[in-house]
Amino acid sequence: MRLLTHNMLTCNVKGVTKGYPLKIEAVRLEKKEAEFNPDFLRRIFPKLDWKALYETALSLDLDELPEQAEPSMLEDEAFLQKLHHVLLEVNLEEGALVCPETGRRFPVSKGIPNMLLNEDEV
C-alpha cells in the first residue's frame with residue numbers, strides 16, 4: 001500500500017468521529033520504483049492532508065519532506081522528487097493500520113489493507 005492511499009483512508013467503525021489519520025504499524029516496508037510524473041504530483045497535491053502525510057512519513061523514518069508545504073513548492077524539482085518518493089515509491093507490504101480513536105487494527109498483507117468491518121462495527 002502506497003502512502004498516497006494511506007493519506008485517503010479513514011476508520012469507518014460505527015460511532016468513530018476521529019478515525020483519521022490511521023497510524024501505521026509497519027512490519028515490512030518496500031521501496032519500489034515508480035515513474036516520475038510531476039504533473040500528477042501537482043494535481044494530487046491540493047487533495048493531500050499534508051500534516052497527516054508529514055507525520056506518517058516521520059513515523060516511518062522518512063524525514064525528507066518539509067513540515068509545511070505550499071503550492072509554490074511544486075515548481076521545485078527537488079521537492080517534487082521527494083514527494084514522489086514518499087507518496088509513490090514507499091510501500092507498506094506487511095503491518096497494520098490503527099484507528100487513532102478506538103485502536104482497531106486493520107491488517108495489511110502483501111500490500112493490501114483489509115478494511116472490512118465486523119458486523120457489530122457497521
Side-chain angles (χ1 to χ4, degrees):
M1 179 189 73
R2 294 176 176 167
L3 294 189
L4 173 61
T5 303
H6 170 264
N7 194 260
M8 298 178 185
L9 290 176
T10 188
C11 177
N12 287 315
V13 172
K14 177 177 58 178
V16 169
T17 58
K18 291 182 151 191
Y20 180 86
L22 297 165
K23 304 296 181 207
I24 293 180
E25 290 180 355
V27 173
R28 185 166 58 95
L29 290 176
E30 283 187 8
K31 296 191 176 149
K32 299 179 183 177
E33 283 191 37
E35 184 179 340
F36 179 66
N37 184 337
D39 291 330
F40 171 76
L41 295 170
R42 289 183 186 105
R43 286 192 309 272
I44 200 71
F45 179 81
K47 296 176 173 99
L48 296 173
D49 180 327
W50 189 263
K51 182 178 185 226
L53 178 63
Y54 174 77
E55 289 175 359
T56 298
L58 280 183
S59 76
L60 298 173
D61 295 325
L62 303 168
D63 58 357
E64 37 203 288
L65 296 177
E67 187 172 353
Q68 303 289 324
E70 53 189 62
S72 64
M73 297 170 85
L74 296 171
E75 300 309 314
D76 178 6
E77 180 83 12
F79 171 75
L80 289 175
Q81 288 285 351
K82 291 174 185 176
L83 180 60
H84 166 79
H85 175 72
V86 170
L87 279 182
L88 301 170
E89 294 185 330
V90 175
N91 291 278
L92 175 63
E93 289 297 316
E94 302 293 331
L97 304 174
V98 181
C99 174
E101 183 176 327
T102 65
R104 166 72 151 84
R105 297 177 80 249
F106 298 95
V108 177
S109 179
K110 298 179 184 171
I112 301 169
N114 180 348
M115 301 295 291
L116 294 175
L117 299 176
N118 298 323
E119 234 179 84
D120 62 329
E121 297 174 317
V122 180

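Keep in mind the model is a prediction, meaning the values are calculated, not measured.
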Return each pair, listed once, that meets side chain to side chain donor-acceptor pair (under 3.5 Å) where at least one residue sits in residues 65-75; pairs must be two or more places apart or across chains. Glu70-Ser72

[X] and [Y]: which non-hydrogen atoms are nearest, and at how many Å?
X     : Y      : value
Leu22 : His6   : O-NE2, 2.6 Å
Ala52 : Asn7   : CB-ND2, 4.0 Å
Gly15 : Glu101 : O-OE2, 3.9 Å
Pro38 : Leu80  : CB-CD1, 3.9 Å

Do [X] and [Y] come within less than 4.5 Å of each other through their side chains, counting heavy atoms only?
X     : Y     : answer
Leu65 : Leu58 : no
Met1  : Asn91 : no
Val13 : Cys99 : no
Val90 : Arg2  : no

Less than 4.0 angstrom from a charged side-chain N to a carboxylate O is my criterion; do Glu94 and Arg28 meet it? yes

Cationic N near anionic O, under 4.0 Å, Glu93 to Lys110: no

What pairs of donor and acceptor atoms, side-chain ones from residues 113-122 against any protein atom, are under 3.5 angstrom apart with sequence neighbours left out?
| from | atom 1 | to | atom 2 | distance (Å) |
| --- | --- | --- | --- | --- |
| Asn114 | OD1 | Leu116 | N | 3.0 |
| Glu121 | OE1 | Arg104 | NE | 3.3 |
| Glu121 | OE1 | Arg104 | NH2 | 3.0 |
| Glu121 | OE1 | Asn118 | N | 2.7 |
| Glu121 | OE2 | Arg104 | NE | 2.6 |

Leu60 and side chain to side chain contact (heavy atoms under 4.5 Å, CB included): which partner among Leu92, Leu3, Val86? Leu3

Nearest-0.5 Å distance, [atom1] of residue [X] to [atom2] of residue [Y]:
X     : Y     : atom1 : atom2 : value
Asp49 : Met8  : CG    : CE    : 10.0 Å
Glu33 : Glu89 : CD    : CD    : 6.0 Å
Leu83 : Leu53 : CG    : CG    : 7.0 Å

Please say yes or no: joined through hydrophobic side-chain contacts below 4.5 Å, possibly via intermediate residues, are Leu87 and Ile112 part of one cluster? no

In terms of hydrophobic clusters joined by side-chain contacts under 4.5 Å, are Val108 and Ile24 together? yes

Residues at least two apart in sequence or cross-chain that pass ring pair (Phe, Tyr, Trp, His ring centres under 6.0 Å) with Phe106, listed by chain then number, are none

Going by ring pair (Phe, Tyr, Trp, His ring centres under 6.0 Å), name the residues that satisfy it together with Phe79, two or more places apart in sequence or in a different chain. Trp50

Please list, chain by chain and in numerical order, all residues satisfying side chain to side chain contact (heavy atoms under 4.5 Å, CB included) with Thr10, sequence neighbours excluded. Asn12, Tyr20

Contacts table for residues 40-47: side-chain donor-acceptor under 3.5 angstrom, sequence neighbours left out:
| from | atom 1 | to | atom 2 | distance (Å) |
| --- | --- | --- | --- | --- |
| Arg42 | NE | Leu74 | O | 3.1 |
| Arg42 | NH1 | Asp39 | OD1 | 3.4 |
| Arg42 | NH2 | Leu74 | O | 3.3 |

Has the side chain of His85 got a donor or acceptor atom that lies under 3.5 Å from a matching backbone atom of Leu62? no

